[in-house]
Each structure stands twice: as structure tokens, then as C-alpha cells.
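Lettering of chains follows the sequences in order, A, B, ..., and the numbering in each one begins at 1.
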Amino acid sequence: MNDLNFTGKPIEAREPAASQLSINRVVEWVKRNLFNSWFDSIITLLIILLLGTVLPKALDWLFFSATFSGAGRADCSPDAACWIPIRQYIDYYIYGPFPESEQWRVNSAFAVGLFAFPLLFTQRIPQKIVIGYILFLPVLLWVLLKGGFIFEDISTSALGGLTLTFFLGIIAMCLSLPVSILLALGRQTKLPILRWICVGYIELVRCIPVITFLFMASLVLQLFLPGGVSIDVLFRVLFVLIFVSAVYKAEIIRGAIQAVPKGQIEASYAMGCGYWKTMAYVVMPQALRNSVPALISNFIGLFKETTLVMILGLLEVMGAVKATFNNAEWLGLHAEGPIVVSAFFFVACFSIAQYGAYLERRIRRTKH
Amino acid sequence: MSKQTVVQLDRVNKWYGKYHALRDIDLAVAKGETIVICGPSGSGKSTLIRCLNNLEQHDEGGIKICDITISENVKDIEKIRRHTGMVFQHFNLFPHMTVLDNCTFGLRHVLGMPVSQANEVARDLLNKVKIGDQEQKYPGQLSGGQQQRVAIARALTMSPDIMLFDEPTSALDPEMISEVLEIMRSLSKDGMTMICVTHEMGFAKEFADRIVFMEAGSVIEISPPEEFFVKPKTERAKVFLDQILAH
């Protein structure tokens with residue numbers, strides 16, 4: 001008699017059955033998800049056809065026939081990507097025209113900025129410290145990259161490339177959230193004048209394109225200021241980025257505040273808690289949790305919006321890449337630059353999105 | 001009255017627009033008394049109890065809680081709220097905090113007590129409401145009865161002089177009502193001043209010192225339970241009792 005395993009089937013039959021099973025499973029999955037009906041089958045075949053013609057060509061252009069090393073334009077293959085200029089200018093893309101002797105400051109700025117990431121992910125460190133760090137980060141970045149305090153002043157035109165993108169993006173993200181919280185609260189306050197100001201501000205700003213504000217900040221503002229007074233263009237650009245994106249966030253947060261049940265506020269008030277503490281410890285934590293998906297989208301949008309400063313002659317990463325391809329030697333290479341910039345933005349923004357997904361998982365754990 | 005008066009209402013009126021929600025309410029509650037407010041829905045019971053800690057603002061008359069008069073003064077109102085604990089129909093626990101953090105909320109943020117000390121006070125009260133083993137759970141993980149017991153513990157952490165109960169058992173499944181009433185009974189026995197809006201007539205009969213019957217915004221009758229349940233002074237109270245005791 002054969003030995004029986006727990007399912008009652010002969011043991012010998014187990015090995016082939018297991019592999020058979022996984023193949024069957026794959027076949028079944030394909031049948032169910034790709035060829036479920038004749039319509040599904042046609043779509044599937046069309047997509048396979050499309051991928052079959054496009055993908056090999058794309059991969060070939062991007063990698064297999066592409067030129068990765070060489071001295072100049074002469075080494076480039078004519079019908080594939082030429083990555084030589086990217087490699088040549090990579091330092092410029094990262095640091096921009098930042099003085100070489102001071103580049104350690106950029107490196108430390110990247111380090112302190114990226115350090116915020118693990119800090120946001122950990123739950124071990126008290127929230128107050130994390131929030132403090134996030135609010136302090138803009139000051140830190142400004143001092144490191146622009147100068148002041150004990151550091152030598154760097155001229156604005158020396159900030160460029162990834163350094164500038166990072167500088168604008170992080171500072172704007174860190175500061176626009178607190179501003180938007182205040183705007184959202186202001187729009188709901190019982191104090192009429194404050195409420196009118198907030199409503200008016202929000203309605204005005206969100207109905208005008210960001211790019212016009214950037215133009216105004218760079219050109220029009222000078223007309224109103226008394227002669228001789230000038231505000232650094234970086235400061236003006238940051239101001240626009242922060243105070244424009246805060247408006248959209250304010251509306252997201254206002255919606256989320258309204259979704260917090262009134263009983264929550266009453267419970268806090270009933271214990272003798274005042275308005276600010278109730279907002280800080282009861283309402284905002286719940287409202288912000290509820291608005292994570294929308295806020296993350298907004299952060300991603302804001303980070304990408306930093307490319308708009310290009311029109312003011314600030315060479316953030318997109319502008320820096322574009323500038324190098326205007327160089328006579330590389331003129332005519334159109335695709336490589338945008339591909340590199342896209343890759344960078346994808347990595348950065350996808351990381352932000354992943355943080356959002358993590359937050360949502362963490363929040364879900366406390367709900368049942 | 002020999003005992004100190006802790007709640008004093010003097011001709012209190014309130015309107016919602018044109019709707020006259022509270023009409024000339026006079027009421028004095030002595031320290032240690034258990035008052036049950038009952039009456040048909042829409043009679044102003046909840047409005048009345050919510051005026052006592054200024055969650056609703058009355059329009060006319062005076063309300064005095066522990067010798068502090070309710071006014072526009074924010075500091076006074078916060079003081080009054082520290083003297084009163086409130087338990088809501090829908091518990092209103094903070095869903096983003098653990099049971100323990102819910103109970104230390106007032107101690108930490110209103111009284112500024114250090115966390116370890118606050119935890120001690122809260123744990124003591126959570127044990128009293130027999131829920132000490134759940135302190136690390138979130139409100140959403142507890143049953144309604146358990147949540148309401150946590151809410152009572154949370155209100156008690158501030159050592160209030162007066163406890164206000166706004167239909168504490170109305171949102172509960174029938175089998176959970178008794179566990180909440182049991183806590184209320186023991187509070188009443190311990191001499192807590194309690195004002196309860198409730199339909200639990202069993203609790204009223206057994207523990208109320210006086211029953212306040214309201215209809216259409218007015219207090220119609222104030223009697224001790226033995227009188228109220230046996231021979232109510234007014235026809236309306238009789239009708240109400242017939243309806244509520246019928247099932």
C-alpha cells in the first residue's frame with residue numbers, strides 16, 4: 001500500500017501535481033484576465049502587437065544601439081540615443097554653476113533634505129521633533145545653499161540644476177502646508193474680517209495662473225518697490241510657489257476639516273480645551289489624515305511646478321539640461337534631455353507618492 | 001437647602017431663530033444630587049444640558065456653575081468646562097488616539113500634567129470602568145458599551161464637580177446599556193453631582209433624587225421619583241410615562 005499524505009493522495013503523485021498546478025494556474029489566470037471574451041482577446045492581441053513593434057525599437061534606441069561613451073558629437077550613432085553629453089554635464093545638472101569649492105554645502109543640503117524622509121517614515125521619534133525638523137529645514141537649506149549665518153553668500157545666479165529644483169521644491173513643500181492650514185482655519189473662523197481676507201485671497205489666487213504670478217514677481221513687483229530696494233529673485237519665486245500652492249491645499253484641508261464630526265470638537269471643548277489646542281490635537285490630525293491622497297497629489301504638482309521658474313531665467317534642472325543641449329556641439333539632440341529630466345522627476349515624485357501610500361497604510365491600521 | 005448649590009439656572013431662555021427652544025427655565029441643583037431630565041423628543045432636554053457647559057449659548061437669563069456665571073468671557077467658560085464633565089450620546093472619543101491617550105488628553109493639554117502622571121490617573125479610572133486591559137486599543141476596536149465607558153473615564157479624569165450625561169445609552173445596543181448604567185449607578189452612589197438626560201426610567205426610579213420633566217422647551221414638573229412615577233402632577237407627564245413605560 002502506498003503511504004498517504006494528509007490529503008489522502010499517494011505521495012508519489014505529489015511532485016508532478018504541484019508543478020502541473022502552477023502551470024494550470026497561470027493558464028487559468030491568462031484565460032480569465034486576458035481572453036475572457038472575444039472583445040478582451042482582441043484588445044489583448046492589439047496590445048501585444050503594439051508592444052511587439054514599439055518596445056524593441058525603444059529599447060534599441062535607448063540602450064542597445066545608444067552611445068554611452070566617447071569624446072564628442074562625432075562618436076554618436078546617428079539613429080540612437082547619445083548619452084555622452086549627459087555624462088559630460090552630469091555635474092552641472094546636479095550642482096549647476098555652484099562654486100566648486102563650496103559643493104560640499106550642496107551635498108550636505110541634499111543630506112539634510114533627504115534625511116527628512118526616514119524621519120517621516122519612522123514612528124519612534126516623537127512627532128513634535130519631526131514637525132520641528134520639517135519647519136526648520138527651509139532655514140537650514142537657505143543657509144546652506146544661499147548663505148548667511150556663518151556661511152559665505154552665494155549669488156542667486158550660481159544656484160541651478162538639481163540643487164535649485166531641490167532647494168525650491170523642499171522649501172515650498174515644507175512651508176506651504178502650514179500656510180495652507182492657517183488659510184483653511186481662517187476661512188472657517190467666526191471673525192468676519194479675517195474670514196473675508198482668507199476667502200478673498202483664496203478665490204483671487206486660485207483663479208489666476210501661477211505663471212502670471214511668477215512673471216509679476218519678477219517684473220511687476222520692481223515697479224512698485226521704492227528705488228534701490230530689491231528682493232532676491234529666489235525669495236520672490238519661493239514666495240509665489242508657497243503662497244499659490246497653499247491656496248489649493250487650504251481648500252483640500254477645509255473640506256477635510258468639515259468632514260470631522262462636530263462632536264469631536266465638542267468633546268474637546270467640554271474638557272476645557274481652547275480653540276487652538278482643539279484644532280491642533282483633535283481636528284487637524286483627523287483632517288490631515290483624511291486629506292492625505294489629495295495633499296500628496298498637490299505636493300507632487302508643486303514639486304513639478306518648480307520647473308516654471310525657468311521662464312525667469314533661473315536654470316533649475318530642466319533649464320540646466322536644456323541649456324547644455326543648446327551648446328553648438330550637441331545641437332539637434334532633442335530627446336535625451338527630456339528623458340533624463342523625466343527620469344529624475346519620476347524618481348522624486350514616485351518617492352513622494354510612496355510616502356503617501358505608506359501614510360495611508362499607517363492610518364488604516366488605526367481604523368477598524 | 002442645607003447643601004451647597006452647584007448649578008443655578010435663573011429664567012433661562014433660548015431661541016433657534018424664531019423657535020423658542022428653552023422657556024424660562026429655573027433650576028437649582030445641590031452638590032451630590034442626581035437629576036434626571038426626561039421628556040418627549042424635541043422638548044429641549046439636550047439643549048438645556050448643553051447650555052450648562054456652554055456648548056450651546058443661552059440668550060436670556062443666568063446660568064451659574066460652581067459660582068461662576070456663564071458669560072462671553074472665554075476664561076470663565078473654560079473654567080466652567082473644567083468643573084463639568086460631559087458624556088455624549090455618540091461617545092465622541094478621538095478616533096486617532098488610543099484609549100489611554102483619549103483619557104490623558106485633558107490632563108496633558110488642559111492641565112499640563114506630565115505624561116507619566118497623566119497615564120497613572122487615566123489607568124486608575126480605566127480600571128474603575130473595568131476597561132483597563134484595553135488601554136492600547138483605538139476606539140474603533142471597541143464595542144459601543146466599551147467606548148461609552150471609556151468616554152465616562154475620560155470625563156472623570158478632569159475630576160469634575162458635575163457630570164453631564166446627554167442620552168448616554170441611546171446609541172447603544174440593548175445588551176450594552178446595563179454596563180454603562182452600572183458605572184453611572186456607582187458614580188451616583190459615590191456622591192457625584194449628576195445631571196442626566198436619559199430615557200432609562202429604571203435608572204431614574206432607583207437613583208434620581210429629582211426628576212425634571214420637560215415639554216416644548218419648558219420645565220413642567222420637578223418631583224422626586226417616588227412621586228413622579230406614582231402620581232405625576234401633570235397630565236402631560238402622565239401621558240409621557242404611559243407611553244414610555246408601555247414597553
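For the pair Arg149(B) and Phe91(B), the cation-pi criterion (under 6.0 Å, within 45° of the ring axis) is not fulfilled.
Not a single donor-acceptor pair under 3.5 Å links the side chain of Asp101(B) to the backbone N or O of Met97(B). Under a 3.5 Å cut-off, the side chain of Thr193(B) and the backbone N or O of Gly32(B) do form a donor-acceptor pair.
Of the two parts of Phe94(B), the backbone and the side chain both hold a non-hydrogen atom closer than 4.5 Å to a non-hydrogen atom of chain A. Heavy atoms closer than 4.5 Å to chain A are found in both the backbone and the side chain of His96(B).
Taking chain A as the reference chain and counting heavy-atom pairs below 4.5 Å, the highest number among Thr84(B), Ile80(B), Leu93(B) is found for Leu93(B). Counting heavy-atom pairs under 4.5 Å between each of Glu78(B), His109(B), Lys137(B) and chain A puts His109(B) at the top.
Here CE of Met86(B) is found 6.0 Å from CZ of Arg50(B). Values are rounded to the nearest 0.5 Å.
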